[in-house]
S.K.: 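Right, I'll just put the structure down here and ask away after.
Just so you know, these numbers use all the heavy atoms, side chains as well, and skip hydrogens, waters and symmetry mates. Chain letters run A, B, ... following the sequence lines, proteins first and then strands; every chain starts at 1.
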2 protein chains.
Amino acid sequence: MKYDFTMDQLCPATYAFQVIGGKWNLPILAILSENECIRYNELKRRLTGITGTALTNCLKELIDYGIVHREQYNEVPPRVEYSLTQSGKELVPLIESMVAWGQKNIVTR
Amino acid sequence: MKYDFTMDQLCPATYAFQVIGGKWNLPILAILSENECIRYNELKRRLTGITGTALTNCLKELIDYGIVHREQYNEVPPRVEYSLTQSGKELVPLIESMVAWGQKNIVTR
DNA sequence: ATACTAAGTATATAAAAGTATACTAATGGA
DNA sequence: TCCATTAGTATACTTTTATATACTTAGTAT
């Protein structure tokens with residue numbers, strides 16, 4: 001391994017895991033990767049079991065990480081659309097190799 | 001994205017993130033990837049800040065996932081050596097692409 | 001007037017993950 | 001005899017992460 005991330009607090013791999021980790025981040029990224037853009041409540045409906053609080057927090061985090069873009073239209077009732085940014089889109093093939101590894105190596109305990 | 005991991009409890013990508021997630025799993029994999037095999041206390045010394053309890057738990061988990069192999073020699077004082085299994089080794093290039101993504105896309109908040 | 005909508009916020013609570021501390025075994029060395 | 005060593009276990013505790021519930025805003029439809 002070329003990069004030593006053992007001791008480094010700002011290690012890029014740890015960072016990537018922070019971005020995609022957590023209970024809902026990966027499912028959110030999956031849905032966003034399949035839609036050019038999607039509204040808050042539609043996202044919530046597809047993420048069976050998520051609460052509004054959780055969805056809001058996750059989206060905020062992903063926006064702060066520069067993975068997700070938020071577009072707000074000042075209408076009533078409000079319309080807010082979420083989409084992947086460029087760096088979010090670059091994460092997708094990476095997640096796909098995770099899927100491939102998982103499919104090959106999963107161990108049911 | 002070809003695989004739908006939104007609703008699936010046993011989704012391969014979620015599984016992969018479980019395996020590498022947690023505070024110490026990634027640093028442990030990094031050290032193991034750089035050593036053919038390594039003893040418990042040497043691993044502990046290199047993982048600055050980890051407690052024995054935490055290291056033991058993580059190693060157990062990684063062994064259960066089939067990522068790490070444990071070889072015990074019945075000597076006194078005891079000697080136990082840890083190494084990556086084949087599926088652990090297959091995880092390394094994947095982590096390396098995480099590093100690459102992180103280096104390119106990291107956002108300091 | 002009242003109810004309904006979307007996209008949240010605020011607050012409290014529960015569950016999960018991680019940490020600290022003390023303890024164990026068998027042997028070798030001072 | 002007493003201390004050090006390795007690779008842990010057992011227990012209690014703290015911190016972090018996730019959830020449940022009630023409330024908000026402004027306009028539109030009944």
S.K.: Donor-acceptor check, side chain of A/S33 to backbone of A/V92, threshold 3.5 angstrom: yes or no?
M.R.: no
S.K.: With heavy atoms of chain A within less than 4.0 Å as the criterion, where does contact along DNA chain D begin and end?
M.R.: D/dA18 to D/dG27
S.K.: Quick one: side chain to side chain contact (heavy atoms under 4.5 Å, CB included) partners of B/I106, sequence neighbours excluded?
M.R.: A/Y15
S.K.: Send over the distance from B/Q18 CD to C/dA17 P, rounded to a whole Å.
M.R.: 9 Å
S.K.: From CD1 of B/I50 over to P of C/dG18, roughly how many Å is that when rounded to an integer?
M.R.: 10 Å
S.K.: Could I get the full list of side chain to side chain contact (heavy atoms under 4.5 Å, CB included) partners for B/E90, not counting sequence neighbours?
M.R.: A/W101, A/K104, A/N105, B/Q86
S.K.: Listed by chain and number, what are the side chain to side chain contact (heavy atoms under 4.5 Å, CB included) partners of A/S83, not counting sequence neighbours?
M.R.: A/C37, A/H69
S.K.: Check each residue of residues 66-79 of chain A for a non-hydrogen atom within less than 4.0 Å of any atom in DNA chain C, then write out the ones that pass by number, or none.
M.R.: A/R70, A/P77, A/P78, A/R79
S.K.: Could you check B/E42 against A/G52 and say which one's nearest nucleotide on DNA chain D is further toward the 5' end?
M.R.: B/E42
S.K.: So what does B/T51 hit on the nucleic acid, given a heavy-atom distance under 4.0 Å: a base, only sugar-phosphate, or nothing?
M.R.: sugar-phosphate
S.K.: Pairs in or reaching into residues 17-29 of chain A: which pass salt bridge (charged side-chain N to carboxylate O under 4.0 Å, His left out), with residues at least two apart or in two chains?
M.R.: none
S.K.: Quickly work out the A/K60 NZ to C/dG8 P distance and round it to whole Å.
M.R.: 8 Å
S.K.: May I ask you to evaluate whether A/K23 reaches the phosphate of C/dA16, defined as a side-chain N or O under 4.0 Å from OP1 or OP2?
M.R.: no
S.K.: Roughly, in whole Å, what's the span from CH2 in B/W24 to P in C/dA16?
M.R.: 23 Å
S.K.: My understanding is that only residues two or more places apart in sequence, or in another chain, count here; which of them pass salt bridge (charged side-chain N to carboxylate O under 4.0 Å, His left out) with A/R79?
M.R.: A/E75, A/E81
S.K.: Do A/T56 and C/dA7 share a donor-acceptor pair, side chain to base, under 3.5 Å?
M.R.: no
S.K.: Give the rounded distance in Å between these two atoms: CG of A/L55 and C1' of C/dT9.
M.R.: 14 Å
S.K.: Quick one: list whatever passes side chain to side chain contact (heavy atoms under 4.5 Å, CB included) with A/E36, sequence neighbours left out.
M.R.: A/K89
S.K.: Using both pair distances under 3.5 Å as the test, note the stems of at least 3 consecutive Watson-Crick or G-U pairs that include DNA chain D.
M.R.: C:1-24 with D:7-30, C:26-30 with D:1-5
S.K.: Between A/Y82 and C/dA6, is there a contact of a side-chain N or O with OP1 or OP2 at under 4.0 Å?
M.R.: no
S.K.: From CD of A/E81 over to C1' of C/dG8, roughly how many Å is that when rounded to an integer?
M.R.: 16 Å
S.K.: Where do A/V99 and B/P12 come nearest, in terms of heavy atoms and distance?
M.R.: O-CB, 3.4 Å
S.K.: According to side-chain hydrogen bond (donor to acceptor under 3.5 Å, both in side chains), who are the partners of B/T56, at least two apart in sequence or on a separate chain?
M.R.: B/Y40
S.K.: Output all residues satisfying ring pair (Phe, Tyr, Trp, His ring centres under 6.0 Å) with B/Y82, sequence neighbours left out; order by chain, then residue number.
M.R.: none
S.K.: What closest approach, in Å, do B/D64 and A/V107 show between heavy atoms, and which atom pair accounts for it?
M.R.: O-CG1, 3.7 Å
